[in-house]
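Below is one structure, written out as structure tokens, with a few remarks after it.
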Protein chains: 2
Amino acid sequence: MHNDLKNENPVLDGIDRRLVETLTANARTTTADLARQVGMSAPSVADRLRRLEESGVIRAYTLDVDPVALGYTLEAIVRIRPLPGQLRHVEGLIQEIPEFVECDKVTGDDCFIARVVLRSISHLDGILERVTEYAETNTAIVKAHTVRRRLPPLR
Amino acid sequence: MHNDLKNENPVLDGIDRRLVETLTANARTTTADLARQVGMSAPSVADRLRRLEESGVIRAYTLDVDPVALGYTLEAIVRIRPLPGQLRHVEGLIQEIPEFVECDKVTGDDCFIARVVLRSISHLDGILERVTEYAETNTAIVKAHTVRRRLPPLR
DNA sequence: AATGAAAGTGTTTATCC
DNA sequence: GGATAAACACTTTCATT
């Protein structure tokens, strides 16, 4: 049995957890509304948010934008294995191509795993052509979002 | 040449783009601040945000929470290929295990590509043991975030 | 679609516990 | 860490263009 699941000293207390959960659902919830929800004063809630920001738990308040509504009707996960000596170049290329909306450097055969959003299959082809000059790629088209980005357990 | 890159009828005009970019950086920017930035009145900006929400471009105002600050010091990408007849079961399992913070159903050999956050290697082992009863898995440890979640081109 | 004005709310700072 | 109170700022609605 590993001990890291029954966390005796959770980073967040129950009130912080409720604040984080509510703001994850709507980051524009007013401090006054948050305060009413948790039964505290607005200044106390503002203080807690400041601490959550300073401790790095809240990295940013951001937007969830739907790529489909912007015309990116196709999404793919591309595994990328740079050719010998091309790692830095490939890394820069991924960072430069804005259709790559996310990319992780990972262990194993594939050096990078990236998410790309596209307007069409020909758009995908155009981008892969730029990458395959310097790397082997393996592309999987996204058919459905089984789990949408969500919070991990907060304790 | 494919026509979908030189988008003649962009979904968003220049002002909408600035609103979306500013809110992506800080979703709690006040409507009054947004209005000053784009040189409009606050009610006009509020109207535009309402339209961006109703058209589905803004799916939600949300939080970017750092898993590391919550003690999830390890992150992995797991490719999952359910054993024959286990697809539905595996899908449910991934949805139930909260450490899977994201999962896409994709074409190709791997049926699912998931992101998992973990407190330790033994934590990873415990979760993979639950999955490997019903699926073959292939795990890549995330070494770095080459491209952090970002907006695709807005035109 | 956008504006200005006004009423209603929310935020912030200082002070106290 | 948390509360209250007051000054200041923001939001929302409505009439107007």
Side-chain angles (χ1 to χ4, degrees), chain A residues 7-71 151-155, chain B residues 7-71 151-155:
Chain A
N7 201 335
E8 307 286 355
N9 286 46
V11 182
L12 309 185
D13 66 13
I15 288 178
D16 284 341
R17 282 197 295 272
R18 287 178 63 188
L19 298 177
V20 167
E21 279 161 6
T22 300
L23 288 169
T24 297
N26 180 8
R28 283 174 80 78
T29 308
T30 62
T31 311
D33 269 347
L34 291 169
R36 281 186 284 268
Q37 278 184 37
V38 301
M40 273 189 169
S41 70
S44 303
V45 169
D47 269 345
R48 275 175 177 266
L49 296 186
R50 227 168 284 127
R51 286 193 292 271
L52 287 166
E53 293 160 21
E54 280 163 11
S55 69
V57 171
I58 296 181
R59 196 150 46 189
Y61 303 88
T62 186
L63 225 49
D64 178 7
V65 169
D66 186 358
V68 174
L70 296 173
L151 283 174
L154 296 183
R155 50 182 307 159
Chain B
N7 202 332
E8 306 286 356
N9 286 48
V11 182
L12 309 186
D13 67 13
I15 288 177
D16 285 341
R17 282 198 294 273
R18 287 178 63 189
L19 297 178
V20 167
E21 280 161 4
T22 301
L23 288 169
T24 296
N26 181 9
R28 283 174 80 77
T29 308
T30 63
T31 311
D33 269 348
L34 291 169
R36 280 185 285 269
Q37 278 183 38
V38 301
M40 271 189 170
S41 68
S44 304
V45 169
D47 268 344
R48 276 175 177 265
L49 295 186
R50 226 169 285 129
R51 287 193 290 272
L52 287 166
E53 293 160 21
E54 279 162 12
S55 70
V57 171
I58 296 181
R59 197 151 42 189
Y61 303 88
T62 187
L63 225 49
D64 178 6
V65 169
D66 185 359
V68 174
L70 295 174
L151 283 174
L154 295 182
R155 47 181 310 158

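Scope of the values below: all heavy atoms of this structure, side chains included, with no hydrogens, waters or symmetry mates. Just so it is clear: chains get the letters A, B, ... in the order the sequence lines come, proteins before strands, and each one is counted from 1.
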Original post:
When the distance from CG of Asp13(B) to P of dA1(C) is rounded to whole Å, what number comes out?
Top reply: 9 Å
**OP:** Return the value, rounded to whole Å, for the distance between atom CZ of Arg36(A) and atom P of dT11(C).
**Re:** 9 Å
Original post:
Atom CD1 of Ile15(A) to atom P of dG2(D): distance rounded to whole Å?
Top reply: 7 Å
Subject >> side-chain contact (heavy atoms from CB on, under 4.5 Å) between Thr31(B) and Arg28(A), intermediate numbers included >> reply: CA-CA 11 Å; Thr31(B) 311; Arg28(A) 283 174 80 78; 3.3 Å; yes
Subject >> side-chain contact (heavy atoms from CB on, under 4.5 Å) between Thr22(B) and Asn26(B), worked out >> reply: CA-CA 6 Å; Thr22(B) 301; Asn26(B) 181 9; 6.0 Å; no
Original post:
Got a second to check how far Leu151(A)'s CG is from Thr24(A)'s OG1, nearest 0.5 Å?
Top reply: 4.0 Å
Original post:
For nucleotides 11-17 of chain D, read 5' to 3', which letter fits each nucleotide if B means a protein heavy atom sits under 4.0 Å from the base, S means only the sugar-phosphate is that close, and - means neither?
Top reply: SBB----
**OP:** Round to the nearest Å and state the distance from Arg48(A) atom CZ to dG1(D) atom P.
**Re:** 8 Å
Original post:
Rounded to the Å, how far apart are Gln37(B) CD and dC10(D) P?
Top reply: 13 Å
**OP:** Find the distance Met40(B):CE to dA2(C):P and express it as a whole number of Å.
**Re:** 4 Å
Subject >> Check: Pro67(B) and Arg59(A) side chains under 4.5 Å, non-hydrogen atoms >> reply: yes
Subject >> Audit row: Ile15(B), Arg18(B), side-chain contact (heavy atoms from CB on, under 4.5 Å) steps and yes/no >> reply: CA-CA 5 Å; Ile15(B) 288 177; Arg18(B) 287 178 63 189; 5.8 Å; no
**OP:** Would you sort out whether Val11(B) and Asp16(B) count as a side-chain contact (heavy atoms from CB on, under 4.5 Å), showing the intermediate values?
**Re:** CA-CA 9 Å; Val11(B) 182; Asp16(B) 285 341; over 6 Å; no
Subject >> Distance below 4.0 Å between Ser41(B) side-chain N/O and dT3(C) OP1 or OP2 >> reply: yes
